[in-house]
Participant: 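Structure in structure tokens, see below.
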Amino acid sequence: MPLKTQKKELIHALWLYCLLSSASSYAYDEAALEDELKYLRAEGYMRTEVFSASKKTQKLENVAAAIFVVSQDDIKRSGATHIADALRMVPGLDVGKTNSDQWAVSARGFSGIYATKLLVLVDGRSIYTDSNASVRWEDYDLPVDNIDRIEVIRGPGAALWGANAVNGVINIITKHSKDTQGGQLTLGGGSYDKKIGSFRYGLKLTDNLYGRIYAKGNERGDLPLLSNPDLKVGNWGNERAGVRLDYDKGNDHVMVQAEGFTVDYNRLISVPSLSPAATLIKPYNYGDTGAHALFNWKRNFSKTSDIETKAYYDTVEYNYGVLIQRQRTANIELKNHFAWSLHDFQWGLGYRHVHFDNNSPEPFASRYPGAIRETQLFSAFVQDELNFFDKQVQVTLGSKLEHFTYTGLQVQPNIRALWHINEKNTLWGAVSRAVRNPDYAEDDIIVHSTVLPTEQTGAPLPVVIGFLGDSDLKPEGLIAYELGYRWQAHKRFNIDSALFYHVYDNLLSFRLNDTPYLDTFNNTPFLFSPLKMSNAAKAEGYGFEIASNWQPFNDLSLHLAYTFQKMDSRSASSALSSIFLPAIERDNPQQQVSLRSKWNVTSNLNFDTWLRYVDTIHTYQPLQVLGIPEYVTLDLRLAWQPIKNLELAAVGQNLLDHQHPEFTSGALAGIEAQTQRSFYLQANWKF
């Protein structure tokens, strides 16, 4: 459907929606919605307690950072069945579906399936993949009903969380076991989400000990290829199960959790071959498996003093079709917090050991000279928050120090200031440094990506285009300047906005090799023309983000998010391939708009809408320029509660057109997919 037609239909839909909303808005009992009103009022949303911005519990209105909280109610009423889809409501985040099971998720630019500058945590446990500096979202299809909230920081969080928290931090925080007592069963299915199923049961074991067990399984359908919409591929399924225990006694809180998962994919992969000389696209059925165990203990000495330790072990096997990676991570952290006089002080220590083991089912496609690797990360942080004028002005000074196997010692400081002008207006600003450590794949990996036969090039031997790692890579660096403003205009209306200017250096780029050189594989000669990884690119990014909440009537709330961002790149070396510079600038939409509404039609009937606009994306690769046109999507959710503990929901997603692409990495454009219109039904029973 043409975009102009979509916009016209959208205007008609909004008119009808406003009329219906006005007609029924005063018929609802205000007391029944008091909890929802608190989410927006001065004592509500702006006073939501968050943790991720300062590693201590504080109210959102006191945070000198661009932070957005996705609540459990937001996730549920969005209709999203995967965390990545729910993140689309966050200003400053870029989320694009590239396959049935893959998403490109990033903050403030540098988008891609393997986005390297976004740190993602689950209950403080990093799920950032050290082997390729990214997050495999397909492996973290968590039970959404177990999530308490998702805290999203746009901008650097490295002064507390360390390297790789460059453009943002996402912390997915699950519910305390005490809050998930009893049973819950969720079943559903539809056109794309073929099967939806989850089970949870929580119980009180002793006066101080609560626990829960849970399991989830999903099966999702295939999607049409970007290069050939008549061909569909990519169905996938996942299963996961886990347990959590929470012990609270006196000033002590102990949390223990363990989980295991398996994910099965059905994708197309690109496999280069010398015999015959070609780059083949073929189906491949494979999957990932993993498990983790986490222990967290916190003791409160007083309201302003505590000590906390966290330890976890994580093992996971990633299967890329042409490469299998096994990663085992052991991590331990200690944090101490205390306050006196004007100071609120924190310090902490950490150690992480990661063991890698690689196997190449397609050894010509990619391989490492050394199959087994180990890295170590030693870290320490200090932070002091100074409060002046009865906490009306706050100044925070802090820094993270890290020693990494490949890069040595790195210092990542920040200074933040916040001014409560009055009860309704708050201004904050920050200057920060953050780095992204090179992963071990970038150290010495050899990738043969494309084979050009002799009849195509005229060369005496096949020409292979690929990539080479470099053991001398430096960390990618960022200096960020941020300014934010929060306005609680009315108990039913607030605005949270942020401006940013980012300066990047030592960005990962590719150095051209002027002359191909002779190489062999299994005694077959070929000419290798590699692009060698280097730190020869720089960039500047700037933009504006705004989030607004408005409750015009007791039974209707509106949530608006707007993002504008732009990137300018340049080369620090004449040897840098100019082919990849435009990708830094245009792999992200310049503008995005998200408008959600929650309408409580009656006491047991909800109707929710989600409208999104995403600007044009241009993706570059060596041989062609690809474009993702601007698009508008509309999701609708109708939920009915016929009895107290049973909810039935019908959800329609991407309703304004039959299918459209959302993102492509360029190099994989021939095997990536388009998003389709879809529907599903779901029943949620609590017992």
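Sequence positions, counted from 1, serve as the residue numbers for this chain.
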Participant: Anything under 30° is parallel, anything over 60° is perpendicular, the rest tilted; go ahead and classify F345 against F338.
Facilitator: tilted

Participant: Begin from the C-alpha positions of R149 and D74 and carry the test salt bridge (charged side-chain N to carboxylate O under 4.0 Å, His left out) through to its verdict.
Facilitator: CA-CA 9 Å; R149 65 190 186 276; D74 290 332; over 6 Å; no

Participant: What is the minimum heavy-atom distance between N62 and Q58, and which atoms define it?
Facilitator: O-NE2, 3.6 Å

Participant: Given salt bridge (charged side-chain N to carboxylate O under 4.0 Å, His left out), test E308 with R299 step by step and report yes or no.
Facilitator: CA-CA 6 Å; E308 184 174 2; R299 167 164 289 182; over 6 Å; no

Participant: Can a side-chain donor-acceptor contact be found between N604 and T602 if the only test is distance below 3.5 angstrom?
Facilitator: yes

Participant: Taking atom CG of D496 and atom CD of Q488, what is their separation to the nearest 0.5 Å?
Facilitator: 10.0 Å

Participant: Hey, does the side chain of D85 reach the backbone of A80 with a donor-acceptor pair shorter than 3.5 angstrom?
Facilitator: no

Participant: Any salt bridge (charged side-chain N to carboxylate O under 4.0 Å, His left out) pairs touching residues 208-220, not counting sequence neighbours?
Facilitator: D141-K216, D141-R220, D193-R220, K195-E219

Participant: Under a 4.0 Å threshold between the charged nitrogen and the carboxylate oxygen, would R77 count as salt-bridged to D608?
Facilitator: yes

Participant: Which heavy atom of A650 sits nearest a heavy atom of L681, and at what distance?
Facilitator: CB-CD2, 3.6 Å

Participant: Do Y214 and E259 pass the side chain to side chain donor-acceptor pair (under 3.5 Å) test, and can you show the C-alpha distance, the side-chain angles, and the key distance before you say yes or no?
Facilitator: CA-CA 9 Å; Y214 61 89; E259 184 184 69; 2.7 Å; yes

Participant: What residues, two or more places apart in sequence or in another chain, satisfy salt bridge (charged side-chain N to carboxylate O under 4.0 Å, His left out) together with R154?
Facilitator: E545

Participant: Heavy atoms only: give me the nearest Q72-I147 pair and the separation to one decimal.
Facilitator: NE2-O, 2.6 Å

Participant: If you apply the rule side-chain contact (heavy atoms from CB on, under 4.5 Å), what do you find for N146 with R200, and how did you get there?
Facilitator: CA-CA 9 Å; N146 285 357; R200 183 184 74 202; 3.0 Å; yes

Participant: Between the side chains of R492 and N554, does any donor sit under 3.5 Å from an acceptor?
Facilitator: yes

Participant: Nearest 0.5 Å, what's the CG-CZ distance between L93 and F68?
Facilitator: 9.5 Å

Participant: How about T98 and E662: do any of their side-chain heavy atoms sit closer than 4.5 Å?
Facilitator: no

Participant: Would you mind reporting whether L636 and L634 have side-chain heavy atoms less than 4.5 Å apart?
Facilitator: yes

Participant: How long is the span from the CG atom in L118 to the OG atom in S134, to the nearest 0.5 Å?
Facilitator: 10.5 Å

Participant: Assess the residue pair Y192 and Q676 against the criterion (side-chain contact (heavy atoms from CB on, under 4.5 Å)); give the C-alpha distance rounded to whole Å, side-chain angles, the decisive distance to 0.1 Å, and a yes or no.
Facilitator: CA-CA 8 Å; Y192 169 66; Q676 277 193 315; over 6 Å; no

Participant: Are N684 and Q184 side-chain neighbours, meaning at least one heavy-atom pair lies under 4.5 Å?
Facilitator: yes

Participant: How many angstroms lie between atom CH2 of W640 and atom CD of E647, to the nearest 0.5 angstrom?
Facilitator: 11.5 Å

Participant: To the nearest 0.5 Å, how far apart are OG in S100 and CG in L223?
Facilitator: 4.5 Å

Participant: Are the side chains of D248 and K178 in contact, using a 4.5 Å heavy-atom criterion?
Facilitator: no

Participant: Within the structure provided, determine whether I83 and Y140 are in side-chain contact (heavy-atom separation under 4.5 Å).
Facilitator: no

Participant: When rounded to the nearest 0.5 angstrom, what is the spacing between CG in L142 and CD1 in I150?
Facilitator: 8.5 Å

Participant: Any idea how W550 and F493 line up, ring-wise: parallel (<30°), tilted (30 to 60°), or perpendicular (>60°)?
Facilitator: perpendicular

Participant: Quick one, R244 with T174, criterion side chain to side chain donor-acceptor pair (under 3.5 Å). Give me CA distance, side-chain angles, the key distance, then yes/no.
Facilitator: CA-CA 10 Å; R244 170 167 169 162; T174 61; 2.8 Å; yes

Participant: Can you check whether L185 reaches F687 side chain to side chain, under 4.5 Å on heavy atoms?
Facilitator: yes

Participant: Quick one: do the D101 and W137 side chains pair a donor with an acceptor below 3.5 Å?
Facilitator: no

Participant: Please report the C-alpha distance between N235 and N266 in whole Å, then the side-chain angles of each, then the deciding distance to 0.1 Å, and finally whether the side chain to side chain donor-acceptor pair (under 3.5 Å) criterion is met.
Facilitator: CA-CA 6 Å; N235 59 295; N266 177 16; 2.8 Å; yes

Participant: Cation-pi check, K55 to W161: give yes when NZ or CZ is under 6.0 Å from the six-membered ring centre and within 45° of the ring axis, no otherwise.
Facilitator: yes

Participant: Taking R136 first and then D139, would you say they form a salt bridge - that is, a charged N and a carboxylate O separated by under 4.0 Å?
Facilitator: yes

Participant: If I compare all heavy atoms of D306 with all of K335, which pair ends up nearest, and what's the gap?
Facilitator: OD1-NZ, 4.0 Å

Participant: For a quick test of reading the model, state the closest non-hydrogen atom pair linking Q653 to G79 and the distance between them.
Facilitator: NE2-O, 3.2 Å

Participant: Does the K400 side chain pair with the main chain of L160, one donor and one acceptor, at a distance under 3.5 Å?
Facilitator: yes

Participant: Within the structure provided, determine whether V105 and L87 are in side-chain contact (heavy-atom separation under 4.5 Å).
Facilitator: yes

Participant: Are D179 and Q181 side-chain neighbours, meaning at least one heavy-atom pair lies under 4.5 Å?
Facilitator: no

Participant: Quick check: closest heavy atoms across Q682 and I196, and the distance to 0.1 Å?
Facilitator: OE1-CG2, 3.7 Å

Participant: Restricting to salt bridge (charged side-chain N to carboxylate O under 4.0 Å, His left out), what partner residues turn up for D145, sequence neighbours left out?
Facilitator: none

